[in-house]
Amino acid sequence: MNKLYAARRRRNQIAMGLSLAATVIGLGWLVLILGTLLWEGFNGLSVAVFTEMTPPPGAAGGLLNPIVGSLILTVLAVLIGTPIGILAGTYMAEYGRYDRLTFFVRFINDILLSAPSIVVGLFIYEVMVAPMGHFSGLAGAVALAVIVIPVVVRTTEDMLLLVPNPLREAATSLGTPRAVVIRRVCYRAARAGMLTGVLLSVARISGETAPLLFTALNNQFWSLDLNAPISSLPVVIFQFALSPYSDWQKLAWTGALIITLAVLALSITARALAATRTES
Amino acid sequence: MADVALPAQSIPTTSSSRAKALDRLRMGDVAFRILTRAAAITVLVLLGAVIVSLIDGSLPALRAFGLNFLVEERWNPVTERFGALAPIYGTLVTSVIAMAIAVPLGLLIAVFLTERCPIWLRRPIGIAIELLAGIPSIIYGIWGLFVFAPFLQQTLQPFLITVFGPVPVLSSLFEGPPYGIGVLTAGLILAIMVLPFITSISRDVFDAVPPVLKEAAYGVGCTTWEVVRHVVVPYTRVGVIGGVMLGLGRALGETMAVTFVIGNAHRISASILAPGTTISATIANEFTEAVGDLYTSSLIALGLILFVITFIVLAAARYMLMRIERRVG
């Protein structure tokens, strides 16, 4: 009996030791990546990064045009994707909560949520770049919007489902039409959560590279023309990191740092927003 | 404002104006309903459009090569002979390596977080893992290229070659010079990338086990490991498999983390130290440089294959996660 007991204890200790080791290894590994990123990124950080254009090989320069390009693409993508996402989420949570359609859309949406982003790039290339005959910032923005939609749909639906039904019933009993109840009562109650969803979608697309490679392409020069190729941070990082020039590689690290900090800031804000909602 | 509001108050509303107002409201309601329904259908149309456009784009390649496209290893832009076998092989092998490492690690971390971690540490670690899951994959790629690949070239790879060199079967698996970049490196980077996904999903799933079940097991004298092995895992099996498949879906479709370190070589070699390619890396590397319809079309056909594979994996994953949600909810 004692022998069995000792064996069980030993097995438990081994398993728990392994799980602790896994946690240390896993977290350590990820900390290592962030550490290198901070180190290399801050080394190259200077004012010039935000004020100068991307340089030709072998010269000093900055990341101004990709930063601005990324901002434009992101804002446009959110402007295109968010309304569709919110409306679709509204249908699923309000009008068609028990519909077959809702069930189906939810399933498809969840698949779109984790579909490979490079396929989205191919899709937009097929429907926009090829017919138009050239790469364009607009195509890049639409490609990113396709990634925004499922994120916003998901969070909008989840957040509206959390709105207590008595709120809807009270508004309806005053004779308020359904559409007004949704817009004036439900949206207001779920505002923080829906905003969280939008922020999360921004965080998601600000680092997306694959869908931009053959939609927005890249532009070495200052350009705000949406009908022409436009520069973006992730694509510049991709190009510069794979280049043999050390100046470019340094800028790639700095760009990576900027993206990471932006994404972390967005996700932390989103979490904080979501937290205030659940507490109140 | 006042002149609009006054008549409505002073004059009793006639039934016709009341009906008009009601009509307007009803119209607004119907319009909004239709609008939201259209948006919901847009999501479906989006998926349909993706599939249709990919099929349409890959038709020339499929017509030229037929089903041979799937089993042909050659990829030669000069003679315009294209086959998808090498990228498919690379995609599967890197994902298998990634899952072989990330699944046990992720599950063990989830066990630690739900069973053994001090309460005050659970939230910080959980948040850290979720934040890490949001880091764009290009960051992992650039780290892999500049830091991890040189490191592997100098340490792990020579070690593997010397250790497994004399072993009959394994020697071919670790054959050739240590390039640093290659299939193994890509697999390891993918493992780091999907680790946060798998960890956070399995943690959520483990947390869904009713405490009463665990307490009952502890009550009859089970060790923590026995509780995990015989209560938590059987109860959550479907959810865990779902989470793992979700991670697999990510790994299969991942582009940037892999493109940096795979080496983009269109060949199938037994050695996992050799450079290879994956579907997504091939598309990312070659699409903008592809000349000729057949070349472009072959790349789109690769995209279609990738989409079909990930669709099946993700659909299965969602189905399984849905089942566990239903049980909890």
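Below, each value reflects all heavy atoms present in this structure, side chains not excepted, and no hydrogens, waters or symmetry copies. Below, chains carry the letters A, B, ... as their sequence lines are ordered, and counting in each starts from 1.
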Parallel, tilted or perpendicular: which fits the ring planes of A/Y187 and B/F32, with parallel below 30° and perpendicular above 60°? perpendicular
Top contributor to chain B interface from [options] [non-hydrogen pairs under 4.5 Å]:
{"options": "A/L18, A/L122, A/L34, A/N109", "answer": "A/L122"}
{"options": "A/I84, A/V24, A/V31, A/V120", "answer": "A/I84"}
{"options": "A/A22, A/P83, A/G89", "answer": "A/A22"}

Segment of [X] engaging chain B (4.5 angstrom heavy-atom cut-off):
{"X": "A/I33", "result": "both"}
{"X": "A/L101", "result": "side chain"}
{"X": "A/I14", "result": "neither"}
{"X": "A/V105", "result": "both"}
{"X": "A/I86", "result": "neither"}
{"X": "A/L20", "result": "both"}
{"X": "A/V153", "result": "side chain"}
{"X": "A/R204", "result": "side chain"}

Among [options], residue most engaged with chain A (heavy-atom pairs, under 4.5 Å):
{"options": "B/D56, B/L304, B/I135, B/T224", "answer": "B/T224"}
{"options": "B/F307, B/Y140, B/F260", "answer": "B/F260"}
{"options": "B/I109, B/L107, B/T296", "answer": "B/I109"}
{"options": "B/L22, B/L44, B/T288", "answer": "B/L44"}
{"options": "B/T310, B/L105, B/V111, B/I142", "answer": "B/I142"}
{"options": "B/W225, B/W143, B/F148, B/Y319", "answer": "B/W143"}

Looking at [X], I'd like to know if its [atom1] atom is crowded, meaning that more than 12 non-hydrogen atoms belonging to other residues, nucleotides or ligands lie closer than 6.0 Å.
{"X": "A/R97", "atom1": "CZ", "answer": "yes"}
{"X": "B/Y218", "atom1": "OH", "answer": "yes"}
{"X": "A/D99", "atom1": "CG", "answer": "yes"}

Working to the nearest 0.5 angstrom, can you tell me the gap between [X] [atom1] and [Y] [atom2]?
{"X": "A/T260", "Y": "B/I138", "atom1": "OG1", "atom2": "CD1", "value": "9.5 Å"}
{"X": "B/I300", "Y": "A/E126", "atom1": "CD1", "atom2": "CD", "value": "4.0 Å"}
{"X": "B/L132", "Y": "A/W29", "atom1": "CG", "atom2": "CH2", "value": "13.5 Å"}
{"X": "B/R229", "Y": "A/N12", "atom1": "CZ", "atom2": "CG", "value": "13.5 Å"}
{"X": "B/N285", "Y": "A/L213", "atom1": "CG", "atom2": "CG", "value": "9.0 Å"}
{"X": "B/T36", "Y": "A/Y95", "atom1": "OG1", "atom2": "OH", "value": "5.5 Å"}

Could you pull out all donor-acceptor pairs under 3.5 Å where a side-chain atom in residues 111-118 of chain A meets a protein atom, sequence neighbours excluded?
residue: A/S114; atom: OG; partner: A/D110; partner atom: O; Å: 3.4
residue: A/S117; atom: OG; partner: A/E208; partner atom: OE1; Å: 3.0

Let me know if B/R116 has heavy atoms under 4.5 Å from chain A in its side chain, its backbone, both or neither.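 Only the side chain of B/R116 comes within 4.5 Å of chain A.
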I need the contact set between residues 244-253 of chain B and chain A: heavy-atom distance under 4.5 Å, sorted by residue number.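 Under the 4.5 Å heavy-atom cut-off, B/L246, B/R250, B/G253 qualify.
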Going by heavy atoms in the side chains, are A/R271 and B/I127 under 4.5 Å from each other? yes
